[in-house]
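To find a chain, count down the sequence lines: A is the first, B the second, and so on, and within it residues start at 1.
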Amino acid sequence: MFPDAHCELNHSNPFELLIAVVLSAQTTDASVNKVTESLFQKYKRPEDYAAAPLEELERDIRTIGLYRNKAKNIKKLCEILLREYGGEVPADRDELMKLPGVGRKTANVVVSVAFGIPAIAVDTHVERVSKRLGICPWKDTPLQVEETLMKKVPKEEWSITHHRLIFFGRYHCKAQSPKCTVCPLFHLCREGKKRLKTT
DNA sequence: AACTCGGGGCA
DNA sequence: TGCCCAGAGTT
């Protein structure tokens with residue numbers, strides 16, 4: 001889930017946001033954005049996904065990575081939404097995490113972006129940047145990273161913090177080639193100093 | 001903790 | 001054209 005997507009998404013529609021974020025797992029937002037316009041034209045409500053044959057839904061999102069899993073998950077997810085939640089997206093992280101294809105990271109994005117509930121979504125960028133900066137130990141799980149960040153950041157800034165860290169990680173503090181020599185945070189970054197010494 | 005699922009971006 | 005990237009679920 002890259003930050004680009006948040007700009008294109010309809011924040012006032014939790015259902016579309018949920019579908020888009022589920023589609024985004026392990027793929028670039030550019031590829032998700034290619035299908036969402038036509039997808040949201042065709043499928044408006046959970047009923048529409050639930051009624052569609054699986055093969056048809058697969059075809060409609062074919063260009064996205066892991067599309068078979070995602071089609072299956074989305075169809076099931078919509079059936080559960082209809083059966084258990086009156087067709088509405090629950091504004092609750094733990095309820096969202098019961099849905100197939102929705103893990104903690106996706107659930108945190110949905111509650112924070114769609115419902116304004118303070119949450120820190122820990123994806124690989126947030127995790128990597130937090131660890132490089134020394135905010136938390138390398139051995140921490142994503143959940144531990146989330147808890148540490150929640151302790152260190154005021155609640156009002158949780159959501160914007162994960163946006164900032166995702167941006168920073170995606171475009172600047174990249175996994176393979178971080179731009180340490182021109183990094184504004186170099187003076188407080190453990191990993192940056194280590195990396196520049198060895199190069 | 002390791003593996004699987006699949007396509008896009010970039011070297 | 002092959003390597004690296006990005007979550008969730010299962011074992």
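- Regarding contacts with the backbone of B/dT4, every side-chain N or O of A/R68 stays at 4.0 angstrom or more from both OP1 and OP2.
- Across all strands, A/G65 comes closer than 4.0 Å to base atoms (heavy-atom distances).
- Hydrophobic clustering (side-chain heavy atoms under 4.5 Å, transitive across Ile, Leu, Val, Met, Phe, Trp, Tyr) groups A/L188 together with A/V145.
- Listed nucleotides: C/dA8, C/dA6, B/dC5. Nearest to the side chain of A/N69: B/dC5.
- Following rounding to the nearest Å, A/L66 (CG) and B/dG8 (P) show an atom-to-atom distance of 12 Å.
- Proximity of A/T106 to the phosphate of C/dG7: no side-chain N or O atom is located under 4.0 Å from OP1 or OP2.
- The two residues A/L185 and A/F168 have their closest heavy-atom pair at CD1-CZ, 3.9 Å.
- Following rounding to the nearest Å, A/L18 (CG) and C/dG7 (P) show an atom-to-atom distance of 16 Å.
- Among the protein residues, A/L23 comes within range of no part of the nucleic acid, since none of its heavy atoms lies under 4.0 Å from any strand.
- Protein atom NZ of A/K72 is 9 Å distant from nucleotide atom P of B/dG6, rounded to whole Å.
- Remark: side-chain polar atoms of A/N108 are not paired, donor with acceptor, to backbone N or O of A/K105 under 3.5 angstrom.
- Between the CG atom of A/N73 and the C1' atom of C/dG9 there is a distance of 9 Å, given to the nearest Å.
- The OH-P distance, from A/Y67 to B/dC5, rounds to 12 Å in whole Å.
- Within the 4.0 angstrom heavy-atom criterion, only backbone atoms of the sugar-phosphate kind lie near A/P100; the bases stay farther away.
- Distances shown here put every side-chain N or O of A/T28 at or beyond 4.0 Å from the OP1 or OP2 atom of C/dC5.
- For the OP1/OP2 pair of C/dC5 and a distance below 4.0 Å, the side-chain nitrogens and oxygens of A/Q176 include at least one atom meeting the criterion.
- Atom NZ of A/K70 and atom C1' of B/dG7 are 9 Å apart (whole Å).
- Ring-plane geometry between A/F15 and A/Y49 is classed as perpendicular, the angle between the planes exceeding 60 degrees on a 0 to 90 degree scale with a lower cut at 30.
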